[in-house]
Amino acid sequence: MKRRLLLLLPLLGFLVLGGFLYQGLSMNPFERDSALMAREFPAFELSTLEDPERIVDASLLEGEVTLVNVWGEWCPTCKQEMPQLLDLADRGVRLVGVDYKDTREKGREFLAEFGNPFEVNVFDPEGTLGFDLGVYGAPETFLVDADGIIRYHHTGYIKPEDVRETILPEVEKWRD
Amino acid sequence: MARLIRGLLAVLLLLPLLAQAAGIEVRQFDDPVTEQRYQDLTASLRCPKCENQAIGDSDSPIAGDMRDRVYAQLQEGRSDKEILDFMVRRFGDYVLYNPRLEGRTLLLWGLPAALVLLGAVVVVLMVRARRRSSARALSAEERERLDALINRERDE
């Protein structure tokens, strides 16, 4: 009898494998953690969108929990995301923008049209900072703590409910 | 007229070449070894945006940026490992088509080998068990029965 039961082993193995594969069907391949999690924000030296003479670097992000949003005028989802970012700014979150692969004119037009929740915007026309951040599309949002360490990463669109459900709790979590 | 058609045909035939050139840049290499390394690296790095395409044959902007970096770093004389590390630091293990052998990937690399080993053990055990049962001498009772069967055949 025992030997008979052993014959069921391959079936069992198949069921386990099937379970994993079934789970894979409902997984979003774009929902993966940033490789930069718990690491320092990459070094950069770029001018700001507002003032070509003003050069900023990673020290810009030190001292306060900051939400860094990578956007571009060419990115339609970024436009849809702006109300949520303005909401976050209203709630006292410090936001810094990275204007990714854009021209200064277009970037400024974008902010004039859709509002400007950012304390300052880093101008990244070549996408070098974006590349070092592992950005492969826009929008992408990084939460950086007061020591300049990346603590949370949001790929793609921030939905209105994400503001309260995920972003604000994360900001609070890293504030002290 | 015929000449016009022939000209148009030639243009049509060239179109696919043009389309390809738009996506994948033409690179200059000092030596064929570096060129081969470039081909290998761009074929073994996965485009983070396009799910299952190597950066070597993807049109997405990020794949182009990554090819630029690979090329620039090859020209600077960096090793393959340095270039792969550079990409993994930014985009994660996801970009490697060949996952590295480390603590987290031990199961991934180890499981197939372990299963093959397990299968081999099972086969050896089964063969041994079978051989033992066939090599065993016949008991007196069995011998008697066998004799009876043989004798019956002879009598018929």
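Throughout, protein chains are lettered first and strands after them, A, B, ... in sequence-line order, and every chain is numbered starting at 1. If you're wondering where the values come from, they're calculated on a predicted model, not measured in any experiment.
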Can you confirm whether more than 12 heavy atoms, excluding those of A/Lys106, are under 6.0 Å from its NZ atom?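 It does not: A/Lys106 NZ has 12 such atoms or fewer within range.
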
Should we count CZ of A/Arg175 as having more than 12 external heavy atoms under 6.0 Å?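 Enclosed: over 12 neighbouring heavy atoms sit under 6.0 Å from CZ of A/Arg175.
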
Could you state whether [X] and [Y] fall into the same hydrophobic cluster, counting links through intermediate Ile, Leu, Val, Met, Phe, Trp or Tyr residues with side-chain heavy atoms under 4.5 angstrom apart?
X	Y	result
A/Phe123	A/Phe114	yes
A/Val96	A/Val171	no
A/Leu46	A/Leu133	yes
A/Val56	A/Val68	yes
A/Trp71	A/Val144	no

Side chain / backbone / both / neither for B/Met87 at chain A, heavy atoms under 4.5 Å: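 The side chain, not the backbone.
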
Does any backbone or side-chain atom of B/Val88 lie under 4.5 Å from a heavy atom of chain A? Answer side chain, backbone, both or neither.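 Contact with chain A is through the backbone of B/Val88 alone.
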
Set of ring-ring contact (aromatic ring centres under 6.0 Å, His included) partners for B/Phe91, sequence neighbours left out: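 So B/Phe91 forms a ring-ring contact (aromatic ring centres under 6.0 Å, His included) with A/Phe131.
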
Donor-acceptor pairs between chain A and chain B under 3.5 Å, which ones?
residue: A/Arg32; atom: NH2; partner: B/Pro48; partner atom: O; Å: 3.0
residue: A/Arg39; atom: NH1; partner: B/Arg89; partner atom: O; Å: 3.4
residue: A/Arg39; atom: NH2; partner: B/Arg89; partner atom: O; Å: 3.4
residue: A/Lys101; atom: NZ; partner: B/Asp65; partner atom: OD1; Å: 3.3
residue: A/Lys101; atom: NZ; partner: B/Asp65; partner atom: OD2; Å: 2.5
residue: A/Asp132; atom: OD1; partner: B/Arg90; partner atom: NE; Å: 2.7
residue: A/Asp132; atom: OD1; partner: B/Arg90; partner atom: NH2; Å: 3.1

Non-hydrogen atoms of B/Ile62 and A/Val135 that approach each other most closely: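 The pair with the smallest heavy-atom distance is CD1-O, 3.3 Å.
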
Looking at A/Ala35 and B/Gly92, what are the two nearest heavy atoms and their distance?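 Minimum heavy-atom contact is CB-N, 3.3 Å.
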
